[in-house]
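First the structure, in the form of C-alpha cells, and then the observations on it.
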Amino acid sequence: MYHPLYKEDLEEVCKLVSLPANSKILVTGASGLIGSFLIDALRYDNLINKKKFEITGTGRNLERMKKRFSTDFPVDGLTLIQRDATEPIPKEEEYDFIIHLASNADPQSYARYPAETITTNVLGTMRILEYTKDHLRTRLLFTSTYEVYGECVDIEQLTERDYGRLDFNAIRSGYSESKRVSELLIRSFVEEYHVNAVITRLGSIYGPTMTANDNKAVAQFIRKAVNSENIVLKSKGWQKRTYTYVADAVMGILLVINQGISGEAYNVANPSAIVTIAQVAEAAAKIAGKEVVYDIPDELERKGFPKEQDSVLNVDKLLKLGYFPRYGIQSGLERTIRILNSGCNI
C-alpha cells in the first residue's frame with residue numbers, strides 16, 4: 001500500500017498537470033528518484049482518470065524495476081524493458097512522448113565511473129535523437145542539471161541564458177560536460193532535423209523515491225535522519241542550492257513537456273527553497289532530534305564533489321507556464337522522512 005502522503009502527492013500531480021489521454025510514453029531511467037515517481041503518477045492517472053496511457057519504462061536492471069513497481073493497480077498500462085541507455089530504440093516502437101532521465105546522478109558514481117557517466121549521457125541522448133529524427137511526431141524531454149552552468153561569478157540567480165566555466169581537467173566535470181554536450185546535440189537536432197524536444201535543468205531534487213545508492217548530500221542527510229543518526233556534513237556547507245521535492249519536480253517536468261517551446265531549456269526548481277547545504281543538514285537533524293557533525297571526506301568522495309559555489313536557479317520562465325511548487329525544504333524533508341519511516345511501499 002502507498003503511504004497516504006505519497007498517494008496525496010500522486011493525486012496532486014495528476015490533478016494539476018497531465019499528458020493527453022491514450023498517450024504512449026517512454027521513460028528512461030525508470031527506477032531512479034524522478035523516473036519512479038513519474039511512472040507512479042502516470043499509473044495513478046490511468047487508475048483515477050482513466051487516461052489509458054501505455055507506459056514503457058526502461059533501465060539496466062529488469063529485476064530492480066520489477067521490484068520497484070510491484071504494487072498492483074487495477075488499471076496499469078506499464079511495460080518494463082531491460083535496455084541500457086546507450087542501446088538504440090527499435091524503430092518499430094511507437095511513442096508520443098519520451099522522457100529521458102537515464103544518467104548517473106550522484107557524486108560517487110561520477111568519481112567511480114567517469115567514462116560510463118560521459119558515454120551514458122552523450123551516447124544515450126544520441127540514441128534517442130536518432131529515434132526521434134525518424135519519428136518526428138514524438139515529443140522528447142531531456143533532463144539536464146544546474147551543473148551545466150559551471151562557475152558563474154557574481155550571478156545571484158542563474159537564468160537559462162547564463163553560462164560559466166567548467167574545468168575540463170577535472171574528472172568530475174565529465175557529468176557536467178556531457179550534459180552540456182547532450183543539450184547542444186538536442187538543439188542541433190531541433191535546428192537541423194526539426195526534432196521536437198525540450199530541456200529541463202533540474203535543481204537539487206530529493207524525496208522518498210531516492211535510491212539506496214544515492215550519495216548526494218541531501219540523500220545522505222535523509223538516510224541519517226530516517227535511521228535516527230547524527231547528520232554528517234562533509235564541508236562547511238555554505239553553498240546555496242535550489243532544493244525541490246520530487247513531486248514538485250515532476251510537476252515542472254510535465255509542464256515543460258506539455259507547454260515548453262521546442263529547442264528551449266527551462267530551469268526546474270522551487271524558488272521558495274533556496275538554502276545552504278548546512279541549512280538542509282540542520283533541518284534534517286531537527287526532524288530526527290539529532291545533531292550535525294562534520295567529517296572530512298575520503299579521496300573518492302572529494303573527486304565527486306562540485307566546486308564550492310552558490311548554484312541558485314531562476315525559474316521565472318517556468319512560472320510563466322503556471323508552475324507553483326508546494327513544499328519548502330522543511331515541509332519537503334518532513335514529508336520524505338515520514339514516508340520512509342513508515343515502511344510502506346512506494
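- No donor-acceptor pair closer than 3.5 Å links the side chain of Ser144 to the backbone N or O of Thr200.
- In this structure, the side chain of Arg241 does not engage the main chain of Val312 through any donor-acceptor pair within 3.5 Å.
- In this structure, the side chain of Tyr266 does not engage the main chain of Leu255 through any donor-acceptor pair within 3.5 Å.
- Between the side chains of Ser204 and Lys216, no donor N or O sits under 3.5 Å from an acceptor N or O.
- Using modelled atom types, no side-chain atom of Asn121 and backbone atom of Ser178 make a donor-acceptor pair closer than 3.5 Å.
- A donor-acceptor pair under 3.5 Å links the side-chain atoms of Ser262 to the main chain of Ala197, judged by distance alone.
- Classified by interplanar angle (parallel below 30°, tilted 30° to 60°, perpendicular above 60°), the ring pair Phe142/His100 is tilted.
- At most 12 non-hydrogen atoms from other residues, nucleotides or ligands lie less than 6.0 angstrom from CZ of Arg161.
- Between the side chain of Asn270 and the backbone N or O of Ser272, at least one donor-acceptor pair lies under 3.5 Å.
- Judged purely by atom type and a 3.5 angstrom limit, Arg223 uses its side chain to pair as donor or acceptor with the backbone of Asp214.
- In Glu264, the CD atom is crowded: over 12 heavy atoms of neighbouring residues, nucleotides or ligands sit closer than 6.0 Å.
- In terms of modelled atom types and a separation under 3.5 Å, the side chain of Lys51 and the main chain of Leu19 share a donor-acceptor contact.
- The neighbour count for Arg187 CZ, taken as heavy atoms of other residues, nucleotides or ligands under 6.0 Å away, is above 12.
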Handout entry: From CA spacing to verdict: side chain to side chain donor-acceptor pair (under 3.5 Å), Arg139, Tyr95
Key = CA-CA 8 Å; Arg139 171 83 154 169; Tyr95 300 108; over 6 Å; no

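- Asp106 and Tyr175 form no side-chain donor-acceptor contact under 3.5 Å, judged by distance and modelled atom types alone.
- Under a hydrophobic clustering in which Ile, Leu, Val, Met, Phe, Trp and Tyr are joined whenever their side-chain heavy atoms come within less than 4.5 Å, directly or via other members, Leu101 and Leu42 fall into the same cluster.
- By the 6.0 Å and 45° rule, Lys133 stacks over the aromatic ring of Tyr193.
- One N or O on the side chain of Asn230 and one on the backbone of Glu291 form a donor-acceptor pair closer than 3.5 Å.
- With hydrogens and angles disregarded, no donor-acceptor distance shorter than 3.5 Å links the side chain of Arg326 to the backbone of Asp248.
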